[in-house]
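As structure tokens, the structure follows; a few thoughts come after it.
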Amino acid sequence: MERQVKRTLEIARSSDPWRKTIRQCVESLESFGGEIDADRHRLGVTASGPSHGLEVLQSLAAYAAAQKGVDDLLRILPGLGQEHRRVWKHLADTVRDVLAESEAAPEQELVELSAFRIARRLVVQIEPTEQVSPRYPYLCALLNDRVLAAETKHDAAVAYRMIEALAQEWGPRAGVIDAAMLRTALQARGIVLRSDPPAGLQRVGASHQVRVVGELEPIDALRFEVHPALEMGGAPGALAVLPPYIARPASVDNELRREVAEAVDGSRLVMVVGGSSTGKTRSCWEAVRAELPDWKIVHPLAPDRPAALLHALQEGVLQPRTVLWLNEANLYLLVKDYAAQVSASLQDLLTNQQRGPVLVLGTMWPSFWEKLTECSVEDDDHLDTGMGAVGQLADLAVTVRMPAAFSEPELARAEAVVNSDPRLTLARTRAASGRIAQFLAGAPHLWRRYEQSERGGPCHSSRRHGRTPMWTWSPAV
């Protein structure tokens with residue numbers, strides 16, 4: 001490893017640490033360029049800082065390493081999304097500034113080639129800024145938003161530690177712990193919980209968090225219901241919250257990102273339709289962050305999804321240039337007593353030019369999508385007779401189909417990305433027929449089954465024969 005720089009690093013042309021890092025990389029090329037190009041030396045950076053930018057730099061380096069030359073990288077760069085293009089521009093611009101210190105106005109070809117030579121041999125190690133689980137802020141936010149009453153004596157951090165202590169005290173053999181048991185134990189410690197979900201729409205507004213897409217951190221993906229992946233053994237925070245994204249440009253990403261980007265020109269409803277745990281939500285997450293970083297985003301959830309959505313639609317929560325995030329859209333559109341009103345309100349949002357542009361982005365299983373488009377309600381306990389409005393809404397939708405699995409050519413092209421993260425490497429070797437996303441999303445469920453073996457559950461035989469788990473997992477509540 002030729003360079004190992006440890007610093008807080010923000011990827012910006014004006015950032016002094018970033019400029020120093022790239023200057024050292026350029027100096028390494030000048031001194032050891034042949035060794036670096038031959039992959040006998042690498043450029044190592046250990047840094048903390050805004051984790052999203054560092055993860056994009058990590059991803060860009062993996063893509064560069066998989067290309068034969070700079071022209072190949074420039075050819076695929078448009079399909080990688082706005083964030084990758086932004087990081088590449090910062091890299092190339094900073095390389096130009098550094099080269100200009102020793103020679104006047106370096107040629108663009110030299111700048112791009114030097115930036116490519118750095119990127120393809122760059123190893124980025126991200127150090128967590130806090131030695132806590134990356135899901136800790138998410139869990140504390142959930143406690144504040146949905147669990148703790150206003151009159152409680154303690155904040156979410158104290159409540160979190162108390163719940164953690166109770167879990168250790170009761171131990172894995174305590175059996176099922178019901179809500180009353182937990183409530184009593186916490187009340188004895190001064191923690192007051194909400195007795196019921198907020199009633200009525202007047203209290204829903206507090207549950208809406210209007211965020212700017214570009215300001216979201218990777219941990220926020222869990223709030224938007226991206227499946228948490230298995231955690232390999234090791235120090236907390238050693239791996240990013242999400243594994244690197246394996247792009248599928250031809251089969252889904254190009255189409256999805258094009259449809260998302262076109263929302264700038266007019267309101268639209270985009271529905272990603274695919275089977276369980278095929279990567280629908282993660283693909284939407286990556287598309288929105290790549291194409292609409294300066295838009296706002298709203299994810300209506302509490303007190304229940306349809307009521308929260310109606311509040312957002314009717315109370316002015318959704319301003320122009322906002323993404324309305326409807327993961328598992330059937331839970332909004334196919335709910336008894338809500339279907340007609342929700343669908344009619346969404347139609348008004350999409351067709352009223354004064355309220356746009358907005359993007360309504362949803363995911364749905366094929367069976368639910370068929371039910372929605374067929375408008376069949378006979379004797380269905382889950383729907384009411386307002387399915388005409390639902391069908392009219394479906395007519396406005398653009399659908400993007402999510403493949404059930406990664407193809408071999410897609411995995412071959414993403415070899416460098418897969419090899420950059422042990423979770424992807426494990427999934428690549430263990431998942432059947434390219435079902436990487438299903439493996440990563442299903443591992444937490446398998447881990448819970450494994451834990452049940454303490455009580456003689458279905459996985460008891462593996463423990464009895466001395467087999468130990470290959471991963472650990474902390475559930476995102």
Side-chain angles (χ1 to χ4, degrees), residues 201 204 224-225 252 255-276 278-281 283-284 287-288 297-301 303-318 320 322-404:
L201 292 180
V204 180
F224 288 83
E225 302 181 290
V252 62
E255 180 184 5
L256 176 57
R257 294 188 183 194
R258 182 177 65 252
E259 297 297 344
V260 167
E262 288 181 359
V264 173
D265 299 324
S267 298
R268 61 201 297 104
L269 165 61
V270 178
M271 192 68 64
V272 180
V273 180
S276 174
T278 50
K280 301 183 298 296
T281 313
S283 294
C284 290
V288 167
I297 187 167
V298 173
H299 182 205
L301 278 177
D304 58 68
R305 293 179 191 244
L309 175 56
L310 283 175
H311 180 271
L313 290 168
Q314 297 170 357
E315 301 299 326
V317 175
L318 297 172
T322 297
V323 178
L324 178 58
W325 184 271
L326 301 184
N327 189 54
E328 297 190 65
N330 51 288
L331 299 179
Y332 298 91
L333 303 177
L334 298 177
V335 179
K336 185 178 181 179
D337 300 329
Y338 281 103
Q341 189 176 4
V342 165
S343 298
S345 297
L346 283 172
Q347 285 185 65
D348 180 72
L349 173 70
L350 293 167
T351 56
N352 186 339
Q353 294 184 0
Q354 295 182 347
R355 300 182 68 181
V358 295
L359 170 64
V360 181
L361 183 58
T363 66
M364 193 176 289
W365 289 6
S367 57
F368 290 123
W369 180 248
E370 291 174 5
K371 180 175 292 188
L372 187 146
T373 54
E374 290 172 359
C375 304
S376 175
V377 298
E378 291 83 357
D379 301 320
D380 194 324
D381 292 335
H382 300 288
L383 304 176
D384 63 13
T385 56
M387 286 299 290
V390 177
Q392 293 171 4
L393 178 66
D395 291 339
L396 299 177
V398 175
T399 58
V400 177
R401 296 285 173 172
M402 176 63 61

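The CD atom of Glu262 sits 11.0 Å away from the CG atom of Leu359 when rounded to the nearest 0.5 Å. Interatomic distance, CD of Gln347 versus CD of Gln392, reported as 5.0 Å (0.5 Å rounding). Rounding to the nearest 0.5 Å places CG of Leu313 at 6.5 Å from CZ of Arg355.
Between Val260 and Val288, the shortest heavy-atom contact is CG1-CA, 4.3 Å. Between Ala263 and Pro357 the shortest heavy-atom distance is O-CB, 3.2 Å. Contact detail for Arg305 and Asn327: the closest heavy-atom pair is NH1-O, 3.4 Å. Listed here is the closest heavy atom pair of Pro366 and Gly275: CD-N, 3.9 Å. Across all non-hydrogen atoms, the minimal contact from Thr373 to Ala394 is CG2-CB, 4.1 Å. For the residue pair Tyr338 and Leu310, the shortest heavy atom distance occurs at CD2-CD1, 3.7 Å.
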**Asked** Stepwise, does the side chain to side chain contact (heavy atoms under 4.5 Å, CB included) test hold for Thr363 with Cys284?
**Response** CA-CA 9 Å; Thr363 66; Cys284 290; 3.9 Å; yes
**Request:** Assess whether side chain to side chain contact (heavy atoms under 4.5 Å, CB included) is satisfied between Leu393 and Leu372, documenting all intermediate values.
**Result:** CA-CA 9 Å; Leu393 178 66; Leu372 187 146; 6.0 Å; no
**Request:** Give the C-alpha distance, both sets of side-chain angles, the deciding distance and a yes or no for side chain to side chain contact (heavy atoms under 4.5 Å, CB included) between Leu333 and Met364.
**Result:** CA-CA 10 Å; Leu333 303 177; Met364 193 176 289; 4.2 Å; yes
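The main-chain N or O of Ala340 is never found under 3.5 Å from a side-chain atom of Ser343 such that the two would form a donor-acceptor pair. Side-chain N or O atoms of Tyr332 include none that pairs as donor or acceptor with a backbone N or O of Gly362 at under 3.5 Å. Panel note: side chain Lys280, backbone Val273; no donor-acceptor pair is recorded below 3.5 Å. Remark: side-chain polar atoms of Thr278 are not paired, donor with acceptor, to backbone N or O of Ala404 under 3.5 angstrom. At distances below 3.5 Å, not a single donor-acceptor pair connects side-chain atoms of Thr322 with backbone N or O atoms of Ile297.
Counting only heavy atoms from C-beta outward, the side chains of Pro403 and Val252 approach each other to under 4.5 Å.
Evaluated for a side-chain contact (heavy atoms from CB on, under 4.5 Å) with Leu346, the options Leu269, Leu324, Thr351, Val358 yield exactly one hit, Leu324.
Relative orientation of the Trp325 and Phe224 rings is perpendicular, given thresholds of 30° and 60° on the angle between their planes.
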